[in-house]
Amino acid sequence: MTQTDLTRLSAADLSAKLASGEVSSVETTAAHLERIAEVDSEVHAFLHINARAHEVAASIDARRAAGEELGPLAGVPLAIKDVLVTTDMPSTSGSKILEGWMSPYDATVVARSRAAGLVPLGKTNMDEFAMGSSTEHSAYGPTHNPWDLTRIPGGSGGGSAAAVAAFETPLALGSDTGGSIRQPAHVTGTVGVKPTYGAVSRYGAIALASSLDQVGPCSRSVLDAGLLQDVIAGHDHHDSTSLPDAWPSMAAAAREGATGQVLKGLRVGVVKQLQGEGFQTGVTQRFTESLALLEAQGAEIVEIDAPHFEYAVAAYYLILPAEASSNLAKFDSVRFGLRVTPEGGGTVDHVMAATREAGFGPEVKRRIILGTYALSAGYYDAYYGSAQKVRTLIQRDFASAFSRVDVLASPSAPTTAFRLGEKLEDPMAMYLNDVTTIPANLAGIPGISVPNGLAPEDGLPVGIQFMAPAREDARLYRVGAALEALVEDQWGGPLWAQAPELRAGKGVN
Amino acid sequence: MPETSSSPEITPEVVRHLSELAKIQLGEDEITLLTADLGQIVSNIAKVSEVATPDIPATSHPIPLQNVFRPDVVGDNVLTAEQALSGAPEQFEGRFVVSAILGEEQ
Amino acid sequence: MAKAKLMDFDKALELYEPVLGFEVHVELNTETKMFSAAPNNFGAAPNTNLTPVCLGLPGSLPVVNEQAVRYSISLGLALGCSIAESSRFARKNYFYPDMAKNYQISQYDEPIAYEGEVEIELASGRVIHVPIERAHMEEDAGKLTHMGGSTGRIQGAEYSMVDYNRAGVPLVEIVTKPIVGTNEDAPEVGRQYVSIIRDMVIDLGISDAKMERGNLRCDANISLRPRGQEKLGTRTETKNVNSLRSVERAVRYEIQRQAYILSNGGSITQETRHWHEDTGETSAGRPKSDADDYRYFPEPDLLPVQPTAQLIEELRAQLPEAPTLRYRRLKGEWGFTDLEFQDIQNSGLLTEVSATVAAGASPQAARKWWTGEIARVANVQGVEATSLVSAENVAALAALVDAGTLTDKLARQVLEGVIAGEGTPQQVVDARGLAVVSDDGALIIAIDEALAAQPDVLEKIRDGKVQAAGAVIGAVMKAMRGQADAARVRELVLERAQA
Ligand SMILES: [Mg+2]
Ligand SMILES: [Zn+2]
């Protein structure tokens, strides 16, 4: 196989070829590193490349050669969002305050990926501390959307989504606090899953908002996402909020879904509040077409009213900053990370304040100040307390919806990828990007984004989101894989086959 | 969200006080900018109180669990002093070093 | 710092009623920390008892120590509290370099234990019921060492060093309600309350309770109100009053200081104050202000603690006797006078005396050794009596005296050897050759020599003037270098004189 062919393979296909000995992990890893060398100067999906990737791949090959029984993803490359701490690569969470910081421990998901034989290629770019929807808030410069380098790759996990979309890796890890896996998947024509809160350990994921954060997979197919979720999910005693449940195989669910049988009699709810005004024409058009496809296969489409969803963004932008203001207090120049001493010295107070001034970008400061306000004496009840009540109301809306339908569907985001810089000066406009993805985080339920076409007006990718009740992640993989099979049938191949070629040296600003 | 007017609660003094609580030094221009941004954001998100009536309980955890404990046994993630100090901006004889503290012990 | 003017204590109490409140922090002696599986032990090399959690490293998460929860429930029950059906943790946010995350995980509106009462009995026999508001779980902070400037003080230091070993050690904070009606007993109430808490946690086996190590730390809130006034006065919070004697002195001092200010038309500033052990004074600390905005919110990384009724009853069944009840019982069982018993309590040695009696010593002997010679040596050496010698060794020492192997004077020498680490009392006796000479033969030789040297004494004894024997006994004891039983010598002297 050529190197290009290797980078186009799905993780599932790579897995089969690695197992049969048709290709080696060393070849596969080299092909992806080559691709990164070719295109990442334009895409800027990676903040750090693993110098030992080749070595790790060689050791997997050696173990396989020695007859060792290896997991399905052994030898497959993996990109890791920089929010996850790693012992062999710096972990910055996209922030200057952690520039060059080496963690003395691995995040649980990283440890599990290593144990499963995945080959870490590097760390991917992200909005600083995962605060953003465009990856423009990275302290290390923005990532560019491989479909159109002048556009955003989504955020905060723009690096992971772009790396997958640009064939720099078949798989990547992301984190989703309000849509940071699903919205980048939507704008890059890839698959992203936010598992049920607690399905995947948060130990070693640099916290943004503890009650919303969830780690999940990014890939180019539903099956690949399922294979990765099978590796990273499961109980972890280092995370109190980790669910003790035994999980069915998500890969098996995806394979089952691809047969299409699951759609007969499936009740699909369409939330009134997650469509209409504010949604781009092409996004709505592709969504409507996908519903028709599902219906044609025997699914029943049900209109759902979720009256409190209109308060979701407001509640989210109180809960997130409040928790983040506390989570980010540890970046104080004492034990790790940047230290800035004011001219002429100063007390530890001055050093901390100067460090945080220099080390945090504008969006991080904005949210820390907002969260500090929401928690401060006299405002708690009106803001943070009320937001937590809205959370209850949104959970009730979901409970009522799921009493009538098996899954909910919505466009994954209101628009296709916007231009870099377009919303940078308007935080509120940026925040509204996550209107479709936020409710799932507030309620803790799982969500998946699957590519369902290109918007006719701009030729950019569009995704459809499915949501299921808590713990029903497998249902999402079934339904997601079913729709994926239907649309790919129509297109005669995956959406990514329609992506423009990226050529090395093509200048971008 | 059509609302774009600023919240009257957010003044430069409020932002300055918040920056002290949050230990972020801010320049005057940053304070001006943040006052405007925060005013706009707060006026958009303040509506949560419209539906948050007293009879509705707060949800702090999306998936309810309780009594999650660990046994009182030394774990597998204890760091060596070298590891603990590996990221320290400044250290001396096994301890982290910080500038003088103004004030008193808590 | 100008010396504060004080009002005479009795005068102060004529004019004002003191209202007390205490916050006592108890460090639990679990194997590991409150939220991290790092070792919880005192005296380890700096920054060696840490996991990513104690250091607040990015990505780290807390997990609650089950044993700490059980200990907290037991303490709550011992304080007569109700145990919350559901309690939860909260974050208390403020920046300080000894606090790794810059928030303390504590409990706020839903503490594990609430509404209790502790009975204490004063020397006078007066009984006081101290109302307990709550007991909650939280984590300790690391330790700062201030360098440069003057002698480790925070003021004037050039820089500070942080050891996070203590960060995350489990704490229970016990908060009283305002304690009214103590009047002139206020200082003793303070001391006795802290003493009871100390005995309680020792009896429960949940804390080492060494105040000098900070296992038990007391903040004392004191306010005065004019006699007859309902409204509470402005209070001060004196931090880290860390010995029983200091609690008593600090309460007395603050009453006198506040009374002077109030009676001269001044007003009390609500502030924290520092206790200075050396001068016996308090000094002004940080004023309470708007800046004390801790932005408490429920800790999202932890889940509610909801102990089952079964667990609570299991722990209740294991509770030791309440300290005050035990004091009454022991006083009766041991047949002590009020004064003798107070002697023990005042020296904080009840646990040791109890253990010594349990090890076989008579109550009187146990009391005498602990409050006498051992307390004296502790005082001279400036250490806690409990650190000098074990209850078992004291009981063994008393047994040697009872058996006539040692005189009191010899026993004191043996104790000195035990304290010096020379082994058990028996080992010291053997090694130093300190046993009483009980061989009558050796004594008779010495007696005969002494009688021969003092013929006039022999005459007097024979004439029935028995008291004259003293001179001979003295000479014999001197010849035996004290290693003889004086009573036996006396018997033998009288015998030989008549021979
Ligand atoms: Mg700190
Ligand atoms: Zn406390």
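Letters go in sequence order (proteins before strands), and every chain restarts at 1. The structure presented is a predicted model; accordingly, all values stated were derived computationally and were not measured.
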Set out, in order, the CA-CA distance, both residues' side-chain angles and the distance that settles side-chain contact (heavy atoms from CB on, under 4.5 Å) for Ser99(B) and Val351(A), then state yes or no. CA-CA 8 Å; Ser99(B) 303; Val351(A) 175; 3.4 Å; yes

Report the C-alpha distance between Asp349(A) and Lys23(B) in whole Å, list the side-chain angles of each, state the deciding distance to 0.1 Å, and finish with yes or no for salt bridge (charged side-chain N to carboxylate O under 4.0 Å, His left out). CA-CA 8 Å; Asp349(A) 265 357; Lys23(B) 282 272 192 290; 3.3 Å; yes

Walk me through it: do Ile41(B) and Tyr431(A) pass the test side-chain contact (heavy atoms from CB on, under 4.5 Å)? CA-CA 10 Å; Ile41(B) 297 167; Tyr431(A) 296 173; 3.9 Å; yes

Check against side-chain contact (heavy atoms from CB on, under 4.5 Å), Thr347(A) and Ile101(B): CA-CA 6 Å; Thr347(A) 65; Ile101(B) 297 163; over 6 Å; no

Show your reasoning for whether side-chain contact (heavy atoms from CB on, under 4.5 Å) applies to Val97(B) and Val334(A). CA-CA 7 Å; Val97(B) 173; Val334(A) 177; over 6 Å; no

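For chain B, the option among Arg366(A), Glu323(A), Arg396(A) with the highest count of heavy-atom pairs below 4.5 Å is Arg366(A). Comparing Gly87(B), Gly75(B), Ala88(B) by how many heavy-atom pairs each has under 4.5 Å with chain A, the most go to Gly87(B). Ranked by heavy-atom pairs under 4.5 Å with chain B, the first of Arg391(A), Gln395(A), Arg471(A), Lys365(A) is Arg391(A). Of the listed residues Leu85(B), Thr59(B), Val98(B), Val68(B), the one with more heavy-atom pairs under 4.5 angstrom with chain A than any other is Thr59(B). Ranked by heavy-atom pairs under 4.5 Å with chain A, the list Ala58(B), Ala46(B), Ser19(B) is led by Ala58(B). Of the listed residues (Ile369(A), Asn441(A), Ile319(A), Thr241(A)), the greatest number of heavy-atom pairs within a distance under 4.5 Å of chain B belongs to Ile369(A). Chosen from His238(A), His237(A), Met102(A), the residue pairing most often with chain B at heavy-atom distances under 4.5 Å is His238(A). Interface summary for chain B: among Tyr317(A), Tyr379(A), Tyr316(A), Phe336(A), the most heavy-atom pairs under 4.5 angstrom belong to Phe336(A). For the options Ala470(A), Ala354(A), Gly198(A), heavy-atom pairs under 4.5 Å to chain B are most numerous at Ala354(A).
Residue Leu65(B) touches chain A through its side chain alone, counting heavy-atom pairs closer than 4.5 Å. If you measure heavy-atom distances from Ala315(A) to chain B, the contacts under 4.5 Å come from both the backbone and the side chain. Residue Thr80(B) does not touch chain A at all, counting heavy-atom pairs closer than 4.5 Å. For Thr392(A), the parts lying near chain B are the backbone and the side chain together; criterion is any non-hydrogen pair under 4.5 Å. Heavy-atom distances place both the backbone and the side chain of Ile24(B) under 4.5 Å from chain A. Heavy atoms of Glu50(B) lying under 4.5 Å from chain A belong exclusively to its side chain. Neither the backbone nor the side chain of Phe331(A) comes within less than 4.5 Å of any heavy atom in chain B. In this structure, chain B has a heavy atom under 4.5 Å from the backbone of Ser242(A), while its side chain stays farther away. With a threshold of 4.5 angstrom between heavy atoms, Phe360(A) approaches chain B through side-chain atoms but not through N, CA, C or O. With a 4.5 angstrom heavy-atom cutoff, Glu20(B) does not touch chain A via any of its atoms. Residue Ile56(B) touches chain A through both its backbone and its side chain, counting heavy-atom pairs closer than 4.5 Å. The part of Asp426(A) that comes within reach of chain B is its side chain, from C-beta onward, which places non-hydrogen atoms under 4.5 angstrom from that chain. Neither the backbone nor the side chain of Tyr105(A) comes within contact range of chain B; no heavy atom of the residue lies under 4.5 Å from a heavy atom of that chain. Neither the backbone nor the side chain of Leu328(A) comes within less than 4.5 Å of any heavy atom in chain B.
Heavy-atom neighbours of His350(A) NE2 from other residues, nucleotides or ligands within 6.0 Å: at or below the threshold of 12. With a 6.0 Å radius and a threshold of 12 heavy atoms from other residues, nucleotides or ligands, Gln66(B) has its CD atom above the threshold. Enclosure of atom CD in Glu13(B) by more than 12 non-hydrogen atoms of other residues, nucleotides or ligands within 6.0 angstrom is indicated.
A pairwise comparison of heavy atoms in Pro54(B) and Lys389(A) identifies CA-NZ, 3.5 Å as the closest pair. Considering all non-hydrogen atoms of both residues, Pro62(B) and Ser211(A) come closest at CG-O, 3.4 Å. The two residues Ala382(A) and Ser49(B) come nearest to each other via the heavy atoms O-CB, 4.0 Å. Residues Tyr197(A) and Ile63(B) come closest through the heavy atom pair O-CG1, 3.5 Å.
Note that the OG atom of Ser60(B) and the OH atom of Tyr384(A) stand 6.5 Å from one another [nearest 0.5 Å]. Separation of atoms CG (Asn77(B)) and CG (Asp106(A)) is listed at 12.5 Å; rounding is to 0.5 Å. To the nearest 0.5 Å, the span separating CG on Leu18(B) from OG on Ser325(A) amounts to 10.0 Å. Put simply, OH on Tyr373(A) and NE2 on His17(B) are 11.5 Å apart, with the number rounded to the nearest 0.5 Å. Rounded to the nearest 0.5 angstrom, Asp37(B) CG and Glu363(A) CD are separated by 8.5 Å.
Panel note: side chain Lys47(B), backbone Ala314(A); no donor-acceptor pair is recorded below 3.5 Å. At least one donor-acceptor pair closer than 3.5 Å links the side chain of Arg356(A) to the backbone N or O of Ala22(B).
For the pair Glu90(B)/Thr341(A), no side-chain contact is recorded, criterion being any heavy-atom separation below 4.5 Å from C-beta on.
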